[in-house]
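Structure first, then comments.
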There are 2 protein chains.
Amino acid sequence: MIRGLVFLKSREITMRDLAEKLGVSTVTVSKALNDKEGVSDELKIKIKQMADDMGYRINNLAKSMKEGRSYNIGVIIPQRFTGEVQSFYLRFYQEISTVLDQFQYSGILHILSEEDEVHDVLPRIYYEKKVDGFILLGQIYKNYVEDMIQTGIPIIFLDFYDNHTDIDSVVMDNFYGAYELTNHLVDQGHQEIGFIGNIFSTSSIQDRYLGYYKSLLENRLQLNPDYIIHDRDDRGTFIDIHLPEKLPSAFVCNCDQVAFRLISQLRKSGYTVPGDVSVVGFDNDIYSTVADPQLTTLEVDMHEMSKVAVKSIIAKVQNHTVSVGRVQIKGRIVYRDSVHLRG
Amino acid sequence: MIRGLVFLKSREITMRDLAEKLGVSTVTVSKALNDKEGVSDELKIKIKQMADDMGYRINNLAKSMKEGRSYNIGVIIPQRFTGEVQSFYLRFYQEISTVLDQFQYSGILHILSEEDEVHDVLPRIYYEKKVDGFILLGQIYKNYVEDMIQTGIPIIFLDFYDNHTDIDSVVMDNFYGAYELTNHLVDQGHQEIGFIGNIFSTSSIQDRYLGYYKSLLENRLQLNPDYIIHDRDDRGTFIDIHLPEKLPSAFVCNCDQVAFRLISQLRKSGYTVPGDVSVVGFDNDIYSTVADPQLTTLEVDMHEMSKVAVKSIIAKVQNHTVSVGRVQIKGRIVYRDSVHLRG
DNA sequence: CTGAAAGCGCTTACAG
DNA sequence: CTGAAAGCGCTTACAG
C-alpha cells in the first residue's frame with residue numbers, strides 16, 4: 001500500500017513510538033494516558049503532551065481485544081418498522097446512538113429483513129463478535145427472539161416486551177398513557193369513545209387498548225365492540241379502516257399515523273374533526289403535526305427510554321447476571337387541536 | 001465475572017479450542033475457516049463442521065487488529081439536519097447501513113452537535129480508531145470539513161460537495177432534476193414560475209436553483225427576482241416565507257418540506273393548490289405524501305447513492321490514492337396532484 | 001514510581 | 001498439505 005505517497009505518514013503512531021521518544025516503557029505510557037496510578041504527575045504530563053504533539057490516537061481494537069469487549073452495541077430494528085415514511089424507530093436509533101456515545105460505546109444498526117427474521121438468520125455482527133450486546137427495538141417475531149436469547153449474549157427489549165420470556169425491557173407506559181388520554185376525552189364530555197388498533201398485533205397496542213378500557217370502566221362507560229376497529233393485520237401491515245354505521249364522538253388511536261389516516265377517512269366520509277368527531281393519537285411523531293387539525297397525543301419520552309436502555313445493556317455486558325426487569329417510562333400528553341369540548 | 005453461573009459457558013470458543021479438539025494447528029484452522037489454500041478439502045470440511053458444532057464465532061477484533069482495519073465506517077450527520085420531523089438523513093443512514101453490511105462492513109452513526117461542529121471537535125470514534133473512514137452526510141461547516149481532511153483519514157461527501165476542497169462526493173443530480181421539474185411545469189402551460197429556497201444555504205439548493213434557471217432560459221421565460229423567495233437563513237434554519245404581492249402560477253420548491261409549508265401558507269392566504277398555484281417539491285420524502293394535495297416531486301435515488309458512496313469509501317480505505325471525483329446520481333420525477341394544467 | 005514478561009486471538013510469511 | 005514463530009498494539013499482573 002502506498003499511503004505514504006499522499007500524506008507522508010507511512011504508519012500510525014503507537015504507544016511504543018511515544019515510549020521510545022521519551023525513553024520510557026510502553027507500560028508507563030499506557031498508564032499515563034489512561035490516568036492510572038504508578039506514574040509521577042510530571043511524567044504523565046510529559047507523556048500526554050507528547051501524545052498530543054505527535055497526534056497519537058489509541059488503537060481501540062487492541063484495547064478491546066485485551067479486554068474481550070468491543071464497546072459496540074448492536075441495535076436491531078425489523079425492516080417492516082422502517083417503511084417509506086415511518087421514521088419513529090430511526091429517530092429512536094439516533095437517540096440511542098447519541099446516548100451510547102456518551103458512555104464511550106458505539107451503536108451498530110442492523111435492519112432486520114423480513115426474510116432473515118422469518119428464517120432466524122442472526123446478524124453478521126453477532127457472528128463476528130462485533131458487539132457486546134443487543135438492543136432489540138420494536139417487536140420481533142418470537143422465534144427470532146428466542147434464538148437470540150439462546151446465544152446467551154446480553155439483550156434488552158426496547159419499546160416492547162414479551163411475557164413468555166424473561167428478558168429485561170424498557171417500554172413506555174402505554175397503559176397509563178392511554179388511560180390518561182381517554183380520561184381527557186371523558187373530561188371533555190365524550191361518552192362514546194372508540195379505539196383504533198389491532199390489539200393482537202403488538203403488546204404496545206394491547207396495553208394502550210387496556211388503558212383505554214380501564215378509563216371507560218372507571219367512568220362507567222360502555223365498551224361498544226362496534227367501536228373497536230382494526231387498522232392493520234396481525235403482522236403489522238396497514239389495512240383499510242372500516243368505519244361503523246354510527247360513529248362515536250371520539251376515537252383513541254393507537255398511534256399518530258393511524259390517527260392521521262383516520263382523519264382523512266372521516267373527512268372523505270363528510271365528517272369534520274374535531275367538529276363531528278374528536279381524535280387523539282399516540283407517539284407525538286411527525287404525523288401529529290402534519291395532521292390537520294394537529295393532534296392531541298401522547299409524547300413518548302424517547303430520550304429517557306434510550307438512556308435507561310443503554311445503561312441497562314451496558315450493565316448487563318459488564319455483568320451478565322444483572323437484571324432490570326420491565327421498566328416503564330411515562331409519557332406526557334401534548335394538547336393540540338383534535339379534541340372538541342362536547343356540551 | 002460470574003457468567004458461567006447463567007449460561008454454563010465460561011469462555012468463548014477460540015480457534016485454539018478447535019485446533020486442540022482436532023489435533024491440528026491454529027494456522028490450519030484459520031486457513032480452513034477463511035477458505036484459503038493449503039488445507040485439504042477433507043480437513044477443511046471437518047474443521048468447519050466442528051466450528052459449527054461448537055458454535056464457534058470468529059473474534060473480529062483480533063482479525064481487525066492484525067489487519068490494522070476495523071471494518072467500520074463512520075457516518076456523520078449534523079444534528080441540525082435531524083430535527084423533530086426531519087427523517088430524510090436518517091432514512092439515508094438506514095440505507096447506508098444496509099449496504100455497508102452487504103460489504104462486510106458496519107456503520108457507526110455520529111450525530112454531530114452544533115457545538116462540536118463549530119468548535120471542530122472530531123468524533124470520539126476517530127480518536128479511538130474505531131472506523132476506517134467517514135461518510136459525511138449533509139453539508140458540514142467548512143472549518144470542520146477541513147479539519148477532517150487534515151487527518152488524512154479517507155472521506156466521502158454524501159449529498160453535498162464543496163468546490164474549495166478536493167474531496168470525492170456523491171450527490172444527486174440536483175441541477176438536472178430541477179431542470180426537468182421546471183420543464184414539466186412549462187409543459188403544463190406555466191409561464192411565470194417562482195423558486196423557493198435560500199440559494200446561499202447549501203450547494204444542493206444552489207444547483208436546484210440553477211437547473212430551474214436553465215429551464216427558464218431555454219424556454220425564454222423571465223427570471224423575476226420577486227419570485228425568488230427565501231425559506232431559511234444561511235445556516236439552514238427555517239424562516240417565514242414571504243409571499244409577493246402578485247403570485248406566479250407555479251413554484252419550484254427546493255424540498256418537499258418547504259413545499260408543504262408553502263401550501264399551508266398559500267391556503268391561509270386564500271389560494272388553492274393546484275387551482276390557483278401549482279407547486280412542485282423535491283426529495284419525495286414524507287412531506288410529499290402528507291401534503292394536500294400530494295406533491296409532484298423528484299425522487300432521490302437513495303439506494304444507488306448509498307451504494308456508490310459505500311463502494312467508494314471502501315475503495316479509498318483499501319487504497320488511499322483512489323479518487324472517484326464528484327459522482328452525480330440521477331433522480332426521477334414522481335407525478336402526483338400538485339400541478340395544474342394551465343390553459 | 002517504573003518496567004520486563006505474558007497474553008488477548010487472530011493472520012502472515014516462511015520452513016518443512 | 002501442515003505448522004512453528006512472530007507480530008498486530010495494547011493492558012494486566014507482578015517484580016523491583
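Just so you know, these numbers come straight off a predicted model, no measurement behind them. In what follows, every chain begins at residue 1, and chains take the letters A, B, ... in the order their sequences are listed.
Contact check, B:T28 against D:dT2: no side-chain N or O comes under 4.0 Å of OP1 or OP2.
Looking at heavy-atom distances under 4.0 Å, B:G68 makes no contact with the nucleic acid at all.
Looking only at distances, no side-chain donor or acceptor of B:D116 sits under 3.5 Å from a matching main-chain atom of B:L112.
Other residues, nucleotides and ligands place no more than 12 heavy atoms under 6.0 Å from the NZ atom of B:K21.
Note: CD (B:E37) to P (D:dT2) measures 13 Å, nearest angstrom. When the P atom of C:dT2 is taken as reference, atom CG of A:L18 falls 16 Å away, rounded to whole Å.
Base pairing analysis places D:dT2 opposite C:dA15; the two distances defining the Watson-Crick or G-U wobble pair are each below 3.5 Å.
Distance check: B:Q94 CD to A:Q79 CD gives 6.5 Å after rounding to the nearest 0.5 Å. Expressed to the nearest 0.5 Å, how far CE of A:M65 lies from CG of B:N59 amounts to 7.5 Å.
Note: B:Y141 and B:Y144 fail the aromatic proximity criterion, with ring centroids not under 6.0 Å apart.
Of the listed residues (B:F88, B:Y93, B:Y89), just one forms a ring-ring contact (aromatic ring centres under 6.0 Å, His included) with B:F81, and that residue is B:Y89.
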Next item on the list: Summarise how protein sits on nucleotides 6-15 of chain D as a single string, 5' to 3': B when a protein heavy atom is under 4.0 Å from the base, S for sugar-phosphate-only contact, - for no contact.
Entry: -BBBBBBB--

